[in-house]
Each structure stands twice: as structure tokens, then as C-alpha cells.
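Data first, discussion second: the structure below is written as C-alpha cells.
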Amino acid sequence: MAIEVTATGRGVPSRRIANDDLAGRMDTTDEWIRSHTGIGARHIADTETATSDLALEAARNALSLAVERGAGEKTPEELALTIDLILLATTTPDYNGCPPTACIVQEALGARNAAAMDLSAACSGFIYGLETAAALLNASPERKRALVIGAETLSRITDWEDRATCILFGDGAGAVLLEKTGAPSAGPERRGLVRSLIGADGSGAGRLMIRRGGTRNPFKDGETLEKGPKIEMDGRAVYNFAVKAVAGAIETLLREEGLGIDAVRRIVPHQANARIVQAAGKRLGIPEEKFYLNIEEYANTSAASIPLALDELNRQGGLDRGDLVMTVGFGGGLTYGGNLIVW
Ligand code: COA
């Protein structure tokens, strides 16, 4: 039995903010942002839209594609009823802790037979999510289908007065349908998720954080806030960690599978900074074209960035059945990891 990705989807707000739009509001330039990050624009949700709305759009999009490609069920609604698990990775839940955003998506999707939970592993959330969902599907013969979603409205926790961080982030969602199938999970014909690496270095927890609003630094009754909870970051330290984490994860996954990089059709990295990916690739002698980057259009959408990129690549016909795809990423925590998937 294999745990295969059988469909992908995405939900992206239509409002697009180009670098030049930001340059009109703060002391920055399109040239600086592009040369330091590879980012050209980001999509920002309107005030009525929360993380679950983007997640729902991505989930519906994935279910529609699954039906189109012959999932067996006639409509996305019928398919939704067969989902056993919704796992939603996010740093920006609709509500602070309760209810899980996944439950809001479950209700709106009509997936009433699905268990639903959120996963918090910052920008590595989707990588952790794939491994977690696959383990839960494997743990019970009753469970056959899971939706793994990465969704964020980072614009809500972005400090728009801090030019060093606000240029980096955007909103969006991506989703994959994971299915237990009769295909082999080992041998030359193997399919689906074949290996994951998930790791963390908690000593770097303070390098990237949302300081206020949790139980460590709660808001106090009567407190007047100048600013809501915002992302704070030591950019240089995160950059250095990220280059090592990306290079290390690629090396480890290849070594553990006994493969060379030529066996991998595409690497879909977390889209935080194109320079991080380029530096990691250079370290390992991997050509830049091996990495699929869409950061220029969407900026860093945290847990959404990998599934959003996977969906783009999939719909462009950039992946054929049997191709080996690698995801790799890092984020707050500090967390890191990667997945190897036979498409
Ligand atoms: N526009 C123009 N200048 C800017 C700027 C902006 N948006 N942001 C910072 N600068 C300035 C700084 O003030 C500094 O000026 P100074 O030399 O006069 O002091 C100069 O640019 C260099 O700043 P520095 O912070 O050293 O830049 P950098 O090359 O390290 O790039 C990041 C900054 C944030 C792009 C980079 O550190 C990074 O990408 N880090 C990883 C962040 C990340 O990926 N976080 C999410 C993880 S999931």
C-alpha cells in the first residue's frame, strides 16, 4: 500500500501588492527587495478573509481536480464525505488555539466524516503535516483519505512599519489530497510518500517569534496596544540556519535513500528567500533549475508555500507519474525537514 498525492489545489487572494507599491509607502526599493530575496510581489487577503477561507478554497480546488482526474466520486461534495482526516498547518489560525481552523474548514467543506486538527510547526508545517497524515492513514485500515493543507494570512501578523520583515511575507493556501492506494510502497514501482525528515533546534526559538498574545506574554485586561502581535526576526541568524538546514535536509534524504540528485526530478523548497535556496544549491552543486521557485509572485507564505508551489507545478504539467519530487524547508522553532514523494 502506498500513500499517494492524488490531487493538489490552491487559494490565493486576488489583491496583489508589488514591490513598487511598498516602495511608495516606506523606505525600500524594488531593486533592494529583488536583489536580497527574489521577491517581486505578494498577495494580501482583504479584511473579511481569514486563514480558513483561503484553506477552504485550496481544499475545494484539490477536490475538484481529483474528481476531474477520476477519483471515483462524481462531485467534490461526494468526495468530501470520504475524507477521513483534515490536517491544517498554520501559524495564523482563525482563532488563538480554539477552535482548530481545520474544524472550520471541515464544516464548510461538508467533510463531516473527517477528523480535523491544526499543526503548528511554522514554515515547516506542511512537511511535518505530510508525514503526520501519512502515519495516521497507515495506523488504521479504516482511514483512506486525508487533506493536508497549509494556509496563512501572514499579513495579519506582519509589522508593516518594519521594512526588514514586511517585504518578505504574503497570504495564501495550498492543499494536497493524500490517498492510501494499492500501489507498492517499496521497490522500483513504488509510489507516494517514501521518506520524510523532520527536525527542530529549539535553541533558536527566539530567532523568529510572535512575542505577544500567548500564555508567556498574554494581553492584560485594559491594556492598550500600540501594535497587535507581530512577527519578530533575527534575519541574519535565520538566513544562516536556513542555508544549513536546506542543504542538510537534501543531503540526508538522498543519503538515506541511497540516491543521487539526478534521481530527483524537482525540489520544491519553502519559498522564504531565493538566495537561501541558491546558496544551499551551490553548496551541494545542484543546478538552480532543479528547484521550483515561485517566490517572485507570492513571497513567503509560510506553511502554504510548498503546497502552493506543488499545485502550480502539478497543474503546469511539470510532474509526471513516477517522478521523484523532494520538498525541503525550515521555519520558526527553529524547525526543518523535507519529504520525498514519488508522484
Ligand atoms: N529595503 C531597503 N533596505 C533594507 C530593507 C529594505 N526592505 N531591509 C533592510 N534594509 C537595510 C538594512 O537596514 C541594512 O542597512 P545598513 O547596512 O545601513 O544597516 C541593510 O539593508 C542590510 O540589512 P541586512 O539585514 O544585513 O540585510 P540582509 O542581506 O541580511 O537581508 C533579509 C535581510 C531579511 C532579506 C535576510 O536576512 C533574510 O532573508 N533572512 C532570512 C529571513 C527568513 O527567511 N525568514 C523567514 C523564515 S521562514
Side-chain angles (χ1 to χ4, degrees), residues 17-42 89-92 119-129 150-155 157-172 174 198-202 204-211 230-249 268-281 291 293-296 298-309 327-338:
I17 311 276
N19 290 344
D20 278 334
D21 300 323
L22 290 183
R25 285 163 38 183
M26 65 185 72
D27 185 15
T28 190
T29 60
D30 177 55
E31 196 283 325
W32 192 97
I33 300 172
R34 279 184 192 275
S35 61
H36 285 72
T37 67
I39 294 167
R42 67 285 297 139
T90 189
T91 316
T92 47
L119 190 150
S120 167
C123 302
S124 310
F126 181 78
I127 291 167
Y128 272 60
E152 305 281 8
T153 39
L154 293 175
S155 59
I157 56 162
T158 296
D159 184 347
W160 291 103
E161 287 165 15
D162 175 13
R163 68 175 183 171
T165 56
C166 76
I167 52 133
L168 296 172
F169 301 112
D171 300 336
I198 50 173
D201 176 3
R207 302 292 194 188
L208 180 53
M209 71 190 309
I210 305 157
R211 198 173 299 277
K230 302 290 180 220
I231 303 173
E232 294 169 39
M233 182 183 73
D234 177 345
R236 191 49 70 85
V238 175
Y239 184 97
N240 292 337
F241 169 82
V243 174
K244 273 191 219 129
V246 170
V268 179
H270 170 46
Q271 318 271 324
N273 184 332
R275 283 171 56 208
I276 291 173
V277 175
Q278 286 153 0
F291 295 93
L293 284 173
N294 64 3
I295 187 171
E296 187 181 7
Y298 302 112
N300 179 351
T301 58
S302 191
S305 85
I306 290 174
L308 210 161
T327 70
V328 64
F330 55 89
L334 297 167
T335 54
Y336 60 91

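For ligands, and for the atoms within them, numbers begin at 1 and follow the listed sequence.
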[X]: numbered ligand 1 atoms lying under 4.0 Å from its heavy atoms:
X    : answer
N300 : 46 (C), 48 (S)
V238 : 43 (C), 45 (N), 47 (C)
A272 : 44 (O)
F330 : 47 (C), 48 (S)
R236 : 26 (O), 28 (P), 29 (O), 30 (O), 37 (O)

Side-chain contact test, heavy atoms from C-beta onward, threshold under 4.5 Å: evaluate it for [X] versus [Y] and give yes or no.
X    : Y    : result
I39  : N19  : yes
R207 : M233 : no
H270 : N300 : yes
D159 : I231 : no
V277 : V246 : no

List the closest protein heavy-atom neighbour of [atom]: residue, atom name, distance to the nearest 0.1 Å.
atom                    : result
atom 29 (O) of ligand 1 : H36 CD2, 3.3 Å
atom 45 (N) of ligand 1 : M233 SD, 3.2 Å
atom 23 (O) of ligand 1 : W32 CZ2, 4.4 Å
atom 14 (C) of ligand 1 : R163 NH2, 4.7 Å

Practice item. Would you indicate which of G235, C123, S35, G38 comes nearest to atom 40 (N) of ligand 1 when only heavy atoms are counted? Key: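 It is G235 that holds the nearest heavy atom.
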Check your understanding: Between the candidates D162, T28, N19, which shows the shortest non-hydrogen contact distance to atom 1 (N) of ligand 1?
Key -> T28
Look only at interatomic distance and state if [X] has a nitrogen or oxygen under 3.5 Å from any nitrogen or oxygen of ligand 1.
X    : value
N273 : yes
T29  : no
T37  : no

Review point. Are a donor atom and an acceptor atom from the side chains of T301 and Q271 found within less than 3.5 Å of each other?
Key: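 Side chains of T301 and Q271: no pair found under 3.5 Å.
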Closer than 4.0 Å and a protein heavy atom, does any atom meet both conditions relative to [atom]?
atom                    : result
atom 18 (O) of ligand 1 : no
atom 32 (C) of ligand 1 : no
atom 25 (O) of ligand 1 : no
atom 7 (N) of ligand 1  : yes

Check your understanding: Which is it for H270 and ligand 1 at heavy atoms under 4.0 Å: side chain, backbone, both or neither?
Key -> side chain
Check your understanding: Using a heavy-atom cut-off of under 4.0 Å, does the side chain or the backbone of Y239 touch ligand 1, or both, or neither?
Key ->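 Both parts.
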**Study point:** Trace of the salt bridge (Lys or Arg N to Asp or Glu O under 4.0 Å) decision for D21 with R25
**Key:** CA-CA 7 Å; D21 300 323; R25 285 163 38 183; over 6 Å; no
Practice item. Return yes when A164 approaches ligand 1 closer than 4.0 angstrom through a heavy atom, no otherwise. Key: yes
Check your understanding: Taking all atoms of both residues into account, what is the closest heavy-atom pair of A304 and G150, and its distance?
Key ->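 Closest pair (atom of A304, atom of G150, distance): CB-O, 3.3 Å.
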Review point. Between NZ of K244 and CD1 of I276, what distance do you get to the nearest 0.5 Å?
Key: 12.5 Å
